[in-house]
Amino acid sequence: MRYAFVGLGHRAQLYIDALLGEWSDTGEIVALCDVNRTRLGYYLDRIGRDVPCFAPHEFDKMLQVADAVVVATVDATHARYVVAALEAGKDVIVEKPLCTTAEDCAAIVEAAERSTGRLVVTFNYRYSPRNGAVRRLIADGSIGDVTSVHFEWVLDTIHGADYFRRWHRDKASSGGLLVHKSTHHFDLVNWWLADTARSVYAQSALRFYGAGNARARGLHDRPERAHGAPELGSDPYLLDISADPRLKRLYLDAEHEDGYIRDQDVFGDGVTIEDNMAVLVGYSRGAKLTYSLNAHGPFEGYRVAVNGTAGRLELEVVERAWTPPRAAIDPTAADKAHATGTSERLVLHRHWREPEEIAISSGAGGHGGGDALMLDDVFRGAGEDPLGRQAGYRAGVASVMVGVSANRSAATGAPVLLDDGGTWPAG
């Protein structure tokens, strides 16, 4: 397979390194596309050979040399590239979220149904062994028919804060965290239940980040960005992108070309996304989901409780037990692979029986070995997998539409009803 890449931020590196390493036998990188020549240069150096490079307006020309396209651009631009690639009959691998609006969802569905190309949405959380164990227990009937799910996700002031210093802070670009981040979680619930949403009600607010909240807490005279700020090195919210060679090359050294500032102050002006969200979802077969996302927690992790007619599952995951203050000053300190106090625990409670802790088998690499499994599915195709982990366009749309509907509900104060497939507003 001949792979082309559009969007060369940090996320593209996962797939480029895969094709340069363990998955090099599955295909070659034949083209790169980005708005920024400096970022193109970073990846050309990483690949170690000349590869044709294209500007975004040359995307159709680039498609002529490729069999498949990896899309890792700003979320709001995904649909443009996905639709064009599908219409050209190319396979598409797209980062979550698939897109950010209902209209873009409809355009992708139409293109996918006409295309000979295959579309894969990379929901890496499906491949984490702990999440697979939940899917298996539900499918096996261990707790009977699911009646409700409670899902609480906490982003800490390392990971959560980072969404408020980069392009994600602009809802028009990212769809807000209910689309950019929560589609991971909505997809997990859709996948666990093998079901789709029919109704969505939500409330959300910006309570911690942003200039207004900073002033209310007495935080005045904030710098517009971290680089060059006198407080850099002492303020844990200021990211030193010069301290990380990769971030420096991808962003600091590249900003003179497109003006993109990677280290904006999280307490500055221009934040249009929320940091506290609560969502209630009704599913086609009757299950109810209560979901919350907080983006300024003192630790990072999630808690899930799944109630059924025969019992209850409880999953508790701590991905980082506390937030070291040097994590922003020294970006390498934010690596979860070296975090202390991490844990995961899955407990099955059956009616009239003692609780049973379920063993979770983990492999090497990110997400307990899940990243390697996902990359196998992406580049080698899905093998025998009774869990059905590979996600196509319908799963991508179903997850996005929960987030889009939640945003709409939060803005209007009214619930949003979806059609039978959970892919379009009803009526």
Side-chain angles (χ1 to χ4, degrees), residues 1-16 18-19 27-37 39-40 42-44 47 51-124 166-168 170 172-175 179-180 183 250 254 257-258 260 378-379 390-397 399-401 403-404:
M1 292 285 284
R2 300 172 299 164
Y3 287 96
F5 284 77
V6 58
L8 296 176
H10 79 281
R11 189 60 181 167
Q13 187 168 319
L14 173 69
Y15 307 100
I16 285 178
L19 287 170
E28 61 175 333
I29 301 166
V30 298
L32 303 175
C33 179
D34 197 87
V35 299
N36 193 291
R37 300 293 301 183
R39 283 196 288 275
L40 284 165
Y42 170 83
Y43 279 105
L44 287 173
I47 294 167
V51 174
C53 294
F54 298 84
H57 71 272
E58 300 174 303
F59 184 71
D60 289 343
K61 182 180 177 182
M62 184 181 74
L63 290 176
Q64 298 173 20
V65 304
D67 303 311
V69 181
V70 179
V71 178
T73 58
V74 171
D75 296 346
T77 66
H78 283 184
R80 168 192 169 189
Y81 298 112
V82 169
V83 169
L86 288 173
E87 289 181 342
K90 309 299 180 180
D91 288 351
V92 180
I93 299 157
V94 60
E95 268 291 300
K96 65 85 199 162
L98 176 60
C99 55
T100 60
T101 69
E103 292 75 17
D104 283 348
C105 283
I108 289 172
V109 168
E110 184 178 352
E113 290 179 347
R114 292 197 314 262
S115 180
T116 58
R118 176 183 65 118
L119 191 156
V120 174
V121 185
T122 53
F123 286 120
N124 56 357
R166 45 190 172 140
W167 58 262
H168 307 74
D170 173 26
S173 297
S174 67
V179 172
H180 175 80
T183 48
L250 283 174
E257 291 192 47
D258 56 18
Y260 174 57
V378 166
F379 293 118
Q390 189 173 98
Y393 68 92
R394 292 198 176 278
V397 167
S399 65
V400 167
M401 285 306 302
V404 167

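This one's a predicted model, so the numbers in the text were calculated from it and none came from an experiment. Any value given below was found using the heavy atoms of this structure, including those in side chains, with hydrogens, waters and symmetry copies removed. Count residues from 1 along the sequence.
Under the 4.5 Å side-chain criterion, counting only non-hydrogen atoms from C-beta, Lys96 is not in contact with Ser399. Side chains of Val92 and Tyr81 form no contact here, defined as non-hydrogen atoms less than 4.5 Å apart. Side-chain contact between Thr122 and Val378: present, with at least one pair of heavy atoms (C-beta onward) separated by less than 4.5 Å. Proximity of Asp91 to Ile93: side-chain heavy atoms (C-beta onward) are nowhere separated by under 4.5 Å. The closest side-chain heavy-atom distance from Tyr393 to Glu113 is below 4.5 Å.
Residues Ser115 and Gly89 share a closest heavy-atom pair of OG-CA, 3.9 Å. The nearest pair of heavy atoms linking His78 to Pro97 is ND1-O, 2.7 Å. For Arg2 against Val65, the heavy-atom pair with the smallest separation is NH1-O, 3.2 Å. The nearest pair of heavy atoms linking Lys90 to Leu63 is CE-O, 3.0 Å. Residues Phe59 and Ala84 share a closest heavy-atom pair of CE2-CB, 3.8 Å. The shortest heavy-atom contact between Thr73 and Val6 is CG2-O, 3.4 Å.
From Leu250, atom CG reaches atom OH of Tyr43 across 5.0 Å, with rounding to the nearest 0.5 Å. Going from atom CZ of Phe5 over to atom CG of Asp34 covers 12.5 Å, rounded to the nearest 0.5 Å. Annotation: the span from Ile16 atom CD1 to Tyr42 atom OH amounts to 9.0 Å, rounded to 0.5 Å. Arg118 CZ to Leu86 CG: the interatomic distance, rounded to the nearest 0.5 Å, is 11.5 Å. Annotation: the span from Leu98 atom CG to Ile108 atom CD1 amounts to 3.5 Å, rounded to 0.5 Å. Rounding to the nearest 0.5 Å places CD of Glu28 at 9.0 Å from CG of Asp67.
Proximity of the aromatic rings of Tyr15 and Tyr3 is defined here by a centroid distance below 6.0 angstrom, and this criterion is not met.
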Quick one: do Leu32 and Ile47 satisfy side chain to side chain contact (heavy atoms under 4.5 Å, CB included)? Show the steps, please.
-> CA-CA 11 Å; Leu32 303 175; Ile47 294 167; 4.0 Å; yes

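Counting only distance, with no hydrogens or angles, the side chain of Asp104 and the backbone of Cys99 share no donor-acceptor pair below 3.5 Å. Between the side chain of Asp75 and the main chain of Ser173, no donor-acceptor pair closer than 3.5 Å is present. Thr100 places no side-chain N or O within 3.5 Å of a backbone atom of Gly175 that could act as its donor or acceptor partner. No donor-acceptor pair closer than 3.5 Å links the side chain of Arg39 to the backbone N or O of Ala254.
Other residues, nucleotides and ligands contribute only 12 or fewer heavy atoms inside 6.0 Å of the CZ atom of Arg37.
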